[in-house]
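Counting from 1, the numbers follow the sequence of the chain as shown.
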Amino acid sequence: MAAELTVHQLIAKHRPTLDQALEAIRTRAYWSPHPEHPKAYGEHGSLDMAAGKAAFDALLGTRLDLGQPGTDGFVGGEVSPYGIELGVEYPHADVDVLLPAMKAGQKAWRDAGAEIRAVVCLEILKRISDRTHEFAHAVMHTSGQAFMMAFQAGGPHAQDRGLEAVAYAYVEQVRTPDTAEWTKPQGKRDPLALTKQFTPVPRGIGLVIGCNTFPTWNGYPGLFASLATGNAVLVKPHPRAVLPLALTVQVARDVLSEAGFDPNLVALTAERPGEGIAKTLATRPEIRIIDYTGSTAFGDWLEANARQAQVYTEKAGVNSVLVESAGDYKGMLANLAFSLSLYSGQMCTTPQNLLIPRDGIRTDEGPKTFDEVVADLARSVDGLLGDDARANALLGAIVNPDVKARLEAAAGLGEVALASREIANPEFPGAVVRTPVVVKLDGAKPDDEAAYMSECFGPVSFAVAVDSASDAVELLRRTIREQGAMTVGAYTTDEEVEQAVQEVCLEEAAQLSLNLVGGVYVNQTAAFSDFHGSGGNPAANAALCDGAFVANRFRVIEVRREA
């Protein structure tokens, strides 16, 4: 099939979806083209639940040869947090060969224009969506997420974030017209007349450095933002979570080739054990954009050393929930219990510090002391996770030994209000499953401050006693300013307290959720409507997704001619 015909077909197929995405980011209303329920994906072929599982099983123990230039060997070694050895091998790249090959296709990709790039990206997302069940198992067995979370967060929610990035990229590129006729009057003389041409041009090659916990959800925004703005993209997955991004690269290469573009516009580079190629790649002159999710230490290193690149980082923060009063005490406890438990707290948005006045709070059930609030929350978590089957479905598995070590050490930091317990997973006996721990700390004690003022990633939360609501607000401010925060929550029936918390979040640039008691949680954000991070505090220098996330991935070059 001719490339031009393929492109026209893609425009006819995907332009309506692109238009809906553009409207969604304009209105911020709920919208998603990707169903959240597994049964919505049909009962046959690649959409079927059984077929998706079979496709994943067929990948185990295989070599995923992507046909990339510069492949000098194959690497593997992923072990599922559920105890299964994946045994998949991936291409290891000689980047001196691969990077020039990736640059070779950029001219045609640049010249294609914003609309064609957008619909090609949407075709990639559509084909990934058709394989959501297969991808869900890949995400589950690399991240440790329970299946339903891997299905939703690793599938439709990740695809939504990718589509959102494409929509923002399109908006920013078409903001400037392709051509303009410029005429400047000169009085009695002939006017000055120029024809001006404006072309969005890519920065170069984008590097996506993947994370272990949300390989697709955190990987797709940068990948598709760079690709949609004309850049080639090199994907460097986390060594423990290669498979979901390798499959993504495979799909992207297939679509690009079928649409008449160079498949090397998207490539994968897996690494040998201990190789640490991210640092080497990040400072290569060909790499002009970097998207990174992970530790603060390496994020800071990238920002300081990858000087030739535009660097977008999501690092670590300390998320707080201020509890001053509650109009629906039971609803608050249930909401917080779920937030602390989901995916064993292994989310960059999970609340860590619960800031509670030591004299207690007002509730619709009467006054509650600090100890009562913490004990009631512990009971809510116990009730939520009391059934092992439900607990496994919520908690998933501990993603790596570092998280397990932090969880075990947390019990020695203060008085344990809720002890963590081990849960067996009958389907996966090798899974490490633990319930959250909640530790009481005193906001007035310097020794305790060292614990609650640093991130303890995993199923660990601190109930921090503070002298008053105003002290809680100031501690919240200091935490965001010094440590950063991806999310902030607050429970209060007092208008002045609400305003004070809101003002702190506006001044310190943190996303705030107030009085959540239903089915929306502080650690969840919806694409097309919610911003993930703000880019304005130390936790991240970018937000998913806004204009700033895409606009500097390309520059507009002007050519002027005499009319």
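- No salt bridge links Glu23 with Arg28; every basic N to acidic carboxylate O contact stays at or beyond 4.0 Å.
- Within the model, atoms NZ of Lys184 and CG of Leu192 stand 6.5 Å from one another, a figure rounded to the nearest 0.5 Å.
- Of the possible polar contacts, one joining the Gln68 side chain to the Leu268 backbone as a donor-acceptor pair under 3.5 Å is found.
- Side-chain atoms of Ser513 and Val488, non-hydrogen and from C-beta on, never get closer than 4.5 Å to each other.
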Check: Hey, mind stepping through Val88 and Val242 against side chain to side chain contact (heavy atoms under 4.5 Å, CB included) and telling me if it holds?
Finding: CA-CA 9 Å; Val88 184; Val242 184; over 6 Å; no
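- Using a distance-only test at 3.5 Å, with no hydrogens or angles considered, a donor-acceptor pair links the side chain of Asn541 to the main chain of Val311.
- Between Trp109 and Phe261, the angle of the ring planes goes over 60°, which puts this pair in the perpendicular group of the 30/60° scheme.
- Residue pairs meeting the ring pair (Phe, Tyr, Trp, His ring centres under 6.0 Å) criterion with at least one member in residues 163-196: none, sequence neighbours excluded.
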Check: Checking salt bridge (Lys or Arg N to Asp or Glu O under 4.0 Å) for the pair Glu507/Arg477: CA distance, chi angles, key distance, verdict?
Finding: CA-CA 9 Å; Glu507 291 179 355; Arg477 180 191 300 277; 2.6 Å; yes
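- Glu474 has no carboxylate O lying under 4.0 Å from a charged side-chain N of Arg478, or vice versa, which leaves the two without a salt bridge.
- Leu98 contributes atom CG, which lies 6.0 Å from atom CG of Leu234 (distance to the nearest 0.5 angstrom).
- Ser32 contributes a side-chain N or O that, together with a main-chain N or O of His34, makes up a donor-acceptor pair within less than 3.5 Å.
- Ion pairing of Lys196 with Glu181 is absent here, as no side-chain N (NZ or NE/NH1/NH2) approaches a carboxylate O to less than 4.0 Å.
- Separation of atoms OG1 (Thr179) and CZ (Arg561) is listed at 11.0 Å; rounding is to 0.5 Å.
- Legend: side-chain hydrogen bond (donor to acceptor under 3.5 Å, both in side chains) pairs involving residues 222-248, not counting sequence neighbours, sorted by first then second residue: Tyr220-Thr248, Ser226-Arg553, Thr229-Asn231, Lys236-Glu271.
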Next item on the list: Give the C-alpha distance, both sets of side-chain angles, the deciding distance and a yes or no for ring-ring contact (aromatic ring centres under 6.0 Å, His included) between Phe549 and Tyr312.
Entry: CA-CA 8 Å; Phe549 185 69; Tyr312 300 89; 5.4 Å; yes
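- A salt bridge does not link Glu123 with Lys126: none of the charged nitrogens is closer than 4.0 Å to a carboxylate oxygen.
- Checked by atom type and distance alone, the side chain of Asp94 never pairs as donor or acceptor with a backbone atom of Thr71 at under 3.5 Å.
- The neighbour count for Glu558 CD, taken as heavy atoms of other residues, nucleotides or ligands under 6.0 Å away, is above 12.
- Looking only at atom types and distance, the side chain of Asn552 has a donor-acceptor partner in the side chain of Gln310 under 3.5 Å away.
- With His532 as the partner, the side chain to side chain contact (heavy atoms under 4.5 Å, CB included) test is satisfied by one option alone out of Gln524, Gln511, Glu164, Arg161: Arg161.
- Closest non-hydrogen pair, Gln106 versus Gly230, comes out as NE2-O, 3.7 Å.
- Side-chain atoms of His92 and Glu275 include a donor-acceptor pair closer than 3.5 Å.
- Within 6.0 Å of atom NZ in Lys13, more than 12 heavy atoms from other residues, nucleotides or ligands are found, so the atom counts as buried in its surroundings.
- When the shell of 6.0 Å around CD of Glu562 is examined, it contains 12 or fewer heavy atoms from other residues, nucleotides or ligands.
- Note that the CG atom of Asp160 and the CH2 atom of Trp217 stand 10.5 Å from one another [nearest 0.5 Å].
- Between the NZ atom of Lys279 and the CG atom of Asn305 there is a distance of 7.5 Å, given to the nearest 0.5 Å.
- Between the side chain of Ser257 and the backbone N or O of Asp254, no donor-acceptor pair lies under 3.5 Å.
- At least one test fails for Arg117 against the ring of Phe224: distance under 6.0 Å to the centre or angle within 45° of the axis.
- Distance OG/Ser339 to CG/Asn335: 4.5 Å, rounded to 0.5 Å.
- Every residue two or more places apart in sequence or in another chain that forms a side-chain contact (heavy atoms from CB on, under 4.5 Å) with Glu286 is listed here: Leu99, Lys103, Ile205, Arg284.
- Side chain of Arg127 to backbone of Val255: no donor-acceptor contact under 3.5 angstrom is found.
- A donor-acceptor pair is defined here as one N or O able to donate and one able to accept, closer than 3.5 Å; such a pair exists between the side chain of Gln346 and the backbone of Val399.
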